[in-house]
Amino acid sequence: MSRIAETFKKLQSQKKQALIPFVTAGDPAPAMTVPIMRALVSAGADILELGVPFSDPMADGPTIQRSSERALKHNVGLKDVLGFVREFRTSDTTTPVVLMGYANPIEAMGYVTFAASAQSAGVDGVLVVDYPPEESKDLVGLLKKCGIDSIFLLSPTSEEGRIEQVGRMASGYIYYVSLKGVTGAANIDLKEVGAKLPLIRSHIKLPIGVGFGIRDAQTAKAIASISDAVVIGSRLVQEIESSQPDQLIGNLSTLVGGIRRAMDER
Amino acid sequence: MQMYEALKAYNLPDEQGHFGPYGGVFVAETLMHALDELRTQYDQMRKDPAFIAEFASELKHYVGRPSPVYHAKRLSQHCGGAQIWLKREDLNHTGAHKINNTIGQALLARRMGKKRIIAETGAGQHGVASATVAARFGMECVVYMGSEDVKRQSMNVFRMKLLGATVVPVESGSKTLKDALNEAMRDWVTNVENTFYIIGTVAGPHPYPMMVRDFNSVVGRELRTQMPEVIGRQPDAILACVGGGSNAIGAFYPYIEDRDVRLIGVEAGGLGLASGKHAATLCAGKPGVLHGNRTYLIQDENGQIIETHSISAGLDYPGVGPEHSWLKDSGRAEYVAITDDEALNAFHTLTRMEGIMPALESAHAVAHAMKLAPTLAGDKVLLVNLSGRGDKDMNTVAERSGLKL
């Protein structure tokens with residue numbers, strides 16, 4: 001069983017939902033990434049989503065765009081990101097790590113090299129924003145051979161046929177984008193999410209994580225009550241952006257810890 | 001009108017929008033539904049005689065088509081060798097070929113019931129063309145433009161505002177065309193229900209490269225009729241500048257199966273390919289994925305998109321339409337690069353020799369024709385697609401001559 005599947009199984013037995021924080025690798029500086037990953041786990045994260053910096057993050061709002069720009073100032077590329085995962089694995093062999101990013105850095109590295117390097121680094125899942133199922137058959141096949149899950153997005157505009165199509169290729173979990181727009185946009189519509197998830201569940205047996213627009217512990221708690229996982233990105237990246245370097249880890253831990261407690265309240 | 005029947009054997013793209021390994025639909029799930037809807041609607045419209053007739057009527061009465069072909073005799077004499085002819089897209093309403101496509105997409109938007117249109121722009125020509133059709137059809141219009149380009153093309157910014165459009169300067173990334181495209185995509189994904197995104201070039205996810213090509217191919221179809229009328233045959237070569245490549249594909253497409261006609265795309269060589277400061281994607285880039293399609297890109301070894309340079313904002317783009325990538329790999333079209341200085345020289349030469357002031361973009365194609373002509377016999381004919389007029393470039397040209405207007 002993959003680390004992701006094991007994680008969800010364990011959480012299910014504890015009647016808990018997964019907390020999945022997203023941070024951009026290399027933001028604010030390369031040396032901070034692995035300490036941030038460890039701090040997120042200590043504060044209660046179950047799975048880590050690590051953003052691969054890209055020059056043209058089309059699906060991201062200004063907050064995550066800026067984080068990508070900060071990382072790129074340090075020339076952080078896909079190879080470096082795999083290096084961070086490898087380093088993280090020296091002290092943590094249980095927390096799943098999912099790489100999230102755009103197609104072109106993977107295109108530049110080549111599918112075969114990427115799949116093999118990701119496996120040896122200890123990556124558990126890959127979510128490529130601009131590889132929809134119809135354009136990612138080859139990569140998904142290669143990743144599967146390397147024991148890596150391919151995570152796909154679904155959105156409020158995904159219709160039934162689309163959900164089935166994604167379901168045939170996805171593994172690990174489904175990432176439900178809870179609003180129309182880019183990351184970090186307006187607040188989430190709980191009613192809409194609540195109405196869509198049963199439709200997805202009727203076609204896909206994987207756990208469903210919900211992200212985009214979750215900005216505080218109370219919203220996270222509400223989302224956790226109807227989903228299997230809560231993804232928080234822009235809010236954390238904002239904290240990284242606004243924190244003094246020496247307080248960054250502490251601030252992130254407080255924020256994530258608060259969300260964890262709210263999600264676990266009964 | 002045989003808009004879609006010019007080609008019998010060449011039938012790209014395929015159902016999923018692929019030109020060989022290029023093209024396709026590389027977008028986030030959030031845009032999939034909108035693209036499906038667009039594809040379905042366009043598939044219907046392209047076969048609908050009423051839509052085709054409406055488009056043709058707009059091109060004739062609003063744009064002023066057909067645009068003439070013109071024998072640049074003094075320029076040909078000056079260069080020696082082959083005869084240079086110009087397809088006068090600069091004479092279109094709004095001064096460039098861009099209006100062919102924006103009219104088509106605006107008609108589609110209207111039929112789809114979308115009241116708001118958005119567009120990205122580099123030089124401002126596509127922004128002006130979009131703002132123009134928005135005014136023509138009474139639609140709201142928002143144009144995204146890199147803040148660097150807003151500075152370089154202040155005249156076009158003012159034109160767009162006069163036409164009632166909102167111009168949003170984009171401050172992210174390199175603050176040029178590619179970032180404007182990113183921002184327009186972000187707007188579209190947020191406002192997808194009431195908004196139609198008019199992409200200005202043959203890039204983006206399927207069906208855009210096909211749709212923009214189809215609308216612009218009026219240029220090549222006119223040429224096929226006009227050239228036999230004036231010289232008794234088709235030209236020996238067609239030259240067009242390539243940024244995203246919409247004017248070039250418009251001229252090339254109806255000639256793809258006509259192997260006797262050389263197709264030459266002219267890219268922006270900037271300060272020279274060796275300098276690294278250029279926008280010659282097909283000459284110096286390699287394949288990757290950006291802005292919804294797989295195509296040649298100017299990128300570093302990590303797959304990050306590199307800032308490009310060109311004297312002409314309209315060619316300053318690190319990607320290129322996927323069909324050009326296919327035409328390059330298949331050997332059907334050739335692609336070359338012309339430097340800033342060569343383009344500027346062509347701008348001045350054409351202006352003085354023929355009284356025609358080309359856009360700096362189009363001046364790249366003129367410059368290559370001026371290089372090529374002397375190597376060919378006097379009975380050969382080079383047809384340059386003069387995609388736009390140079391009025392918008394007065395500030396740039398003055399600045400390069402050490403003047404301030």
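Side chains included, hydrogens not; waters and symmetry mates left out as well; all remaining heavy atoms used. Quick caveat: nothing in here was measured; it's all calculated off a predicted structure. Within every chain, numbering begins at 1; the chains are lettered A, B, ... in the order of the sequence lines, protein sequences first and strands thereafter.
The parts of B/I305 that come within reach of chain A are both its backbone and its side chain, each placing non-hydrogen atoms under 4.5 angstrom from that chain. In this structure, chain B has a heavy atom under 4.5 Å from the side chain of A/E134, while its backbone stays farther away. Residue contact with chain B, scored on non-hydrogen atoms closer than 4.5 Å, involves the side chain of A/V177 exclusively. Of the atoms belonging to B/L181, not a single heavy atom falls under 4.5 Å from chain A. Heavy-atom distances place both the backbone and the side chain of B/H291 under 4.5 Å from chain A. Neither the backbone nor the side chain of A/P62 comes within less than 4.5 Å of any heavy atom in chain B. Neither the backbone nor the side chain of A/R66 comes within contact range of chain B; no heavy atoms are under 4.5 Å apart.
Of residues 165-172 of chain B, those residues with a non-hydrogen atom less than 4.5 Å from any non-hydrogen atom of chain A are, in numerical order, B/S172. Residues of residues 192-209 of chain A lying under 4.5 angstrom from chain B, judged on non-hydrogen atoms, do not exist here. Taking non-hydrogen atoms and a 4.5 Å limit, the residue list of residues 69-82 of chain A in contact with chain B, ordered by number, reads A/E69, A/L72, A/N75, A/V76, A/G77.
For the residue pair A/T63/A/E241, the side-chain donor-acceptor check at 3.5 Å is not satisfied. Between A/R215 and A/Q238, the side chains place a donor N or O and an acceptor N or O closer than 3.5 Å (distance only, hydrogens not considered). One side chain, B/D329 or B/Y22, offers a donor N or O that lies under 3.5 Å from an acceptor on the other. Judged purely by distance below 3.5 Å, without hydrogens or angles, the side chains of B/T121 and B/D149 never pair a donor atom with an acceptor atom. If you check the side chains of A/S68 and A/T24, you find no donor sitting under 3.5 Å from an acceptor. For the residue pair A/D228 and A/Y176, no side-chain donor N or O sits within less than 3.5 Å of a side-chain acceptor on the partner. B/D316 and B/T176 share no donor-acceptor pair across their side chains, judged by distance under 3.5 Å alone. B/Y42 and B/D214 are linked by a side-chain donor-acceptor pair at a separation below 3.5 angstrom, with hydrogens and angles left out of the test. A side-chain N or O of A/D216 and one of A/T219 form a donor-acceptor pair less than 3.5 Å apart.
Pairing each heavy atom of A/Y173 with each of A/I4, the nearest pair is CD2-CG2, 3.9 Å. Heavy atoms only, all atoms of each residue included: B/P318 and B/T281 are closest at O-CG2, 3.4 Å. Across B/G244 and B/Y317, no two heavy atoms sit closer than the pair CA-CD2, 4.2 Å.
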Side-chain atoms of residues 196-210 of chain B: list all donor-acceptor pairs with protein atoms under 3.5 Å, sequence neighbours left out, distances to 0.1 Å.
{"unit_1": "B/Y197", "atom_1": "OH", "unit_2": "B/E120", "atom_2": "OE1", "d": "2.7"}
{"unit_1": "B/T201", "atom_1": "OG1", "unit_2": "B/G245", "atom_2": "N", "d": "3.4"}
{"unit_1": "B/Y208", "atom_1": "OH", "unit_2": "B/Y197", "atom_2": "O", "d": "2.6"}

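Under 4.0 Å is where a charged nitrogen must lie from a carboxylate oxygen, and between A/E159 and A/R162 no such pair does. Remark: B/E148 does not engage B/K175 in a salt bridge, criterion side-chain N to carboxylate O under 4.0 Å. Taking a cutoff of 4.0 Å between a charged side-chain nitrogen and a carboxylate oxygen, B/R294 and A/E107 qualify as a salt bridge.
In this structure, B/S310 contributes its side chain and B/G270 its backbone to no donor-acceptor pair below 3.5 Å. The backbone N or O of B/Y144 lies less than 3.5 Å from no partner atom in the side chain of B/E183, so there is not a single donor-acceptor pair.
Most heavy-atom pairs under 4.5 Å with chain A, from the set B/E193, B/Q16, B/K286: that is B/E193. When A/P156, A/A59, A/A108, A/S136 are compared by the number of non-hydrogen pairs under 4.5 Å with chain B, A/A108 comes out ahead. Here B/R186 is the residue among B/K178, B/R186, B/M185, B/E301 with the most heavy-atom pairs under 4.5 Å with chain A. Of the residues considered (A/E135, A/Q65, A/M109), A/E135 shows the highest number of contacts with chain B, using heavy-atom pairs under 4.5 Å.
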